[in-house]
Protein chains: 2
Amino acid sequence: MEQFIRAIRQMISISDTETDSLLGYCYLKSFSRKTYLSTPGKICNEVFFITKGISRNILIDNEGVEHTTNFTIENQFIADYASFLQKTPSIYYLQALESIEAVVMPREAIEWGYHNLKQGDRLGRLIAEYYFVYHDNQIRKQYFETPQQRYETITQVFPDIHNRAPQHMIASYLGITSVHLSRLKRTYV
Amino acid sequence: MEQFIRAIRQMISISDTETDSLLGYCYLKSFSRKTYLSTPGKICNEVFFITKGISRNILIDNEGVEHTTNFTIENQFIADYASFLQKTPSIYYLQALESIEAVVMPREAIEWGYHNLKQGDRLGRLIAEYYFVYHDNQIRKQYFETPQQRYETITQVFPDIHNRAPQHMIASYLGITSVHLSRLKRTYV
DNA sequence: TAAAAACGATAACAAATGTTTAGATTTTGA
DNA sequence: TCAAAATCTAAACATTTGTTATCGTTTTTA
């Protein structure tokens with residue numbers, strides 16, 4: 001839980017008493033490799049904080065093609081945040097690529113925080129702003145970097161990803177096929 | 001200013017006194033067709049609320065190619081929000097496609113609001129969440145809709161856009177060339 | 001630990017999309 | 001109002017990227 005508290009304290013000031021109350025609403029959960037933290041169709045009612053392991057977001061398009069839209073590693077929060085906010089059904093699989101240890105924050109924990117933590121709304125604002133900036137960066141990269149460049153610099157965002165996720169998932173994340181990525185690597189070495 | 005207040009009141013409760021103080025930090029500004037509300041390189045220190053007219057976001061990539069990344073119409077807020085939040089140089093041109101009337105909210109207005117409005121942080125949270133959901137929707141569409149479909153349904157997001165923006169800007173917004181859009185229209189009528 | 005599954009590279013081919021150029025029409029702005 | 005600029009379509013061609021299939025290697029799991 002320490003990593004989790006540390007992550008929160010990086011965003012807001014929170015007393016020990018407040019911390020204890022908040023943790024009362026949260027719990028630990030493990031997921032083994034290839035299992036799902038979350039599946040599509042249900043409203044996302046919990047935010048995970050990963051303390052160990054790595055997951056990916058999977059989206060299946062109308063043609064049945066699977067897309068890896070994101071990875072999440074240690075010390076990061078993960079949820080279908082749009083589903084959580086709007087209370088609409090989630091569209092993602094969140095799949096463990098390695099066995100995962102996570103702190104689960106149910107919706108009640110977060111809403112309790114908004115109403116009872118001194119800096120609750122501020123925390124909510126910072127999280128939403130953080131997510132916004134993260135998303136925005138992903139969009140910018142699509143305009144300013146080619147898939148090759150993004151392949152080469154992906155470790156800045158996900159250190160050691162080349163050893164933790166197979167190449168075809170990275171290709172999917174980059175928006176290209178694994179065959180094409182293989183081709184790009186050959187051409188530009 | 002009434003439209004502006006109405007937009008704020010849709011998000012939070014705000015008293016008349018608070019409203020008056022907030023408006024004290026804001027002012028009206030006009031832009032004529034083809035001029036820029038904002039240009040790249042400077043930190044975005046103001047948020048615009050458009051009461052009349054339409055603008056587009058323009059981004060120039062490393063090859064010098066211009067991309068229309070967004071449109072903004074009446075009763076919407078517009079800014080390089082990532083630049084505003086991070087205080088990093090903006091990368092967008094915000095260009096008036098028609099003559100525009102806008103309310104300008106300088107950074108001081110917004111920061112004053114965070115510190116002094118009863119629901120200031122809440123307003124900030126809702127705005128960030130709104131932006132997040134909007135962005136997220138744009139990304140989803142890229143997975144679930146073809147450029148044709150997005151061309152056909154774009155009026156759900158930007159009513160009357162076909163009469164307010166030339167086709168090559170819409171094509172750029174859809175991520176394709178104007179030649180290709182022209183081809184798609186021919187094929188699928 | 002052995003069989004099965006997943007993985008990555010490669011080649012041949014197909015499809016989608018971009019580039020360039022031209023010309024007719026519409027819109028804009030002095 | 002009229003010349004200049006912008007716009008849209010079209011065609012021919014080039015390029016990029018995807019699809020399918022194969023094969024040797026690595027990893028997983030029963």
Side-chain angles (χ1 to χ4, degrees), chain A residues 31-36 53-54 56 58-68 71 93 95-100 142-143 145-152 154 160-189, chain B residues 30-36 53-56 58 60-68 71 93 95-100 142-152 154 160-189:
Chain A
F31 299 88
S32 49
R33 196 175 123 79
K34 290 201 181 170
T35 61
Y36 298 108
I54 177 171
R56 65 165 175 155
I58 308 172
L59 184 152
I60 314 281
D61 70 20
N62 292 329
E63 273 73 43
V65 178
E66 175 183 307
H67 301 271
T68 295
F71 298 103
Y93 290 91
Q95 185 188 44
L97 293 184
E98 301 168 354
S99 62
I100 280 184
Q142 294 204 328
Y143 286 108
E145 293 181 21
T146 62
Q148 290 102 301
Q149 292 173 317
R150 299 209 290 135
Y151 179 77
E152 286 158 11
I154 191 175
D160 207 30
I161 189 70
H162 295 304
N163 296 316
R164 300 182 81 180
Q167 210 150 95
H168 67 89
M169 291 181 193
I170 297 177
S172 175
Y173 174 78
L174 298 176
I176 60 179
T177 60
S178 60
V179 174
H180 190 53
L181 177 55
S182 194
R183 198 153 34 193
L184 291 176
K185 282 169 64 184
R186 177 172 29 142
T187 313
Y188 282 88
V189 163
Chain B
S30 304
F31 299 88
S32 49
R33 194 176 124 80
K34 290 199 179 172
T35 62
Y36 298 109
I54 176 171
S55 74
R56 64 165 174 153
I58 308 171
I60 315 282
D61 71 20
N62 292 329
E63 273 72 44
V65 178
E66 175 182 308
H67 301 271
T68 295
F71 298 103
Y93 290 91
Q95 184 188 45
L97 293 184
E98 301 168 353
S99 61
I100 280 185
Q142 294 204 329
Y143 287 108
F144 288 112
E145 293 181 21
T146 62
Q148 290 102 301
Q149 291 173 318
R150 299 208 292 135
Y151 179 77
E152 287 158 10
I154 192 175
D160 207 31
I161 188 71
H162 295 303
N163 297 318
R164 299 182 81 179
Q167 213 149 91
H168 66 91
M169 291 182 193
I170 297 176
S172 175
Y173 174 79
L174 298 176
I176 59 179
T177 60
S178 61
V179 175
H180 190 53
L181 177 55
S182 194
R183 197 154 34 193
L184 291 177
K185 284 169 61 185
R186 178 176 23 145
T187 314
Y188 283 86
V189 163

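Note on naming: letters A, B, ... go to the chains in the order of the sequence lines (proteins, then strands), and numbering restarts at 1 for each one.
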query = Under the side chain to side chain donor-acceptor pair (under 3.5 Å) test, which residues partner B/Gln142, sequence neighbours left out?
reply = none
End axis versus end axis in the helix from C/dT1-D/dA30 to C/dA30-D/dT1, the angle rounded to 10°, five pairs used at each terminus = 70°
ask   = Within a radius of less than 6.0 Å around CZ of B/Phe31, do more than 12 heavy atoms belonging to other residues, nucleotides or ligands occur?
value = yes
inquiry  = Could you work out, with side-chain contact (heavy atoms from CB on, under 4.5 Å) as the rule, every residue matching B/Asn62, not counting sequence neighbours?
reply    = A/Phe144
task = Whole angstrom is fine here: how far is it from NE2 in A/His180 over to P in C/dG8?
result = 17 Å
key: With A/His162 via ring-ring contact (aromatic ring centres under 6.0 Å, His included) - residues at least two apart   = A/Tyr151
message = Please compare A/Leu181 and B/Pro147 by the position of their nearest nucleotide in DNA chain C and report the one closer to 5'.
response = A/Leu181
message = In this structure, how many angstroms lie between the P atom of D/dC8 and the CG atom of B/Leu184, rounded?
response = 15 Å
ask   = Can you list the residues that meet the side-chain contact (heavy atoms from CB on, under 4.5 Å) rule with B/Ser99, with sequence neighbours excluded?
value = B/Lys52
remark   = side-chain hydrogen bond (donor to acceptor under 3.5 Å, both in side chains) with A/Lys185: of A/Gln148, A/Glu152, A/Gln167, only one passes, and it is A/Gln167
ask   = Under the side chain to side chain donor-acceptor pair (under 3.5 Å) test, which residues partner A/Arg150, sequence neighbours left out?
value = none
message = Can you pull out every salt bridge (charged side-chain N to carboxylate O under 4.0 Å, His left out) where at least one residue sits in residues 164-174 of chain A? Sequence neighbours excluded, please.
response = A/Glu74-A/Arg164, A/Glu98-A/Arg164
request  = Please list, chain by chain and in numerical order, all residues satisfying side-chain contact (heavy atoms from CB on, under 4.5 Å) with B/Ser182, sequence neighbours excluded.
outcome  = none
query = Can you name the residues that form a ring-ring contact (aromatic ring centres under 6.0 Å, His included) with B/Phe71, not counting sequence neighbours?
reply = B/Phe158, B/Tyr173
query = What pairs of residues pass the salt bridge (charged side-chain N to carboxylate O under 4.0 Å, His left out) test when at least one of them lies in residues 167-182 of chain A, not counting sequence neighbours?
reply = none
ask   = Between atom CD in A/Glu98 and atom P in D/dT29, what is the gap in whole Å?
value = 13 Å
task = Check the distance between C/dT17's P and B/Arg186's CZ and give it to me in whole angstrom.
result = 14 Å
request  = Can you check each nucleotide of nucleotides 21-30 of chain C against protein heavy atoms at under 4.0 Å and return B for base, S for sugar-phosphate only, - for none, in 5' to 3' order?
outcome  = -------SS-
message = Looking at A/Arg183 and D/dG18, is any side-chain donor or acceptor paired with a base atom of the opposite kind under 3.5 Å?
response = yes
ask   = Which ones in residues 167-178 of chain A lie close to DNA chain C, meaning a heavy atom under 4.0 Å from one of its atoms?
value = A/Gln167, A/His168
task = Using whole Å, report how far CG of A/Asn163 lies from C1' of C/dG8.
result = 15 Å
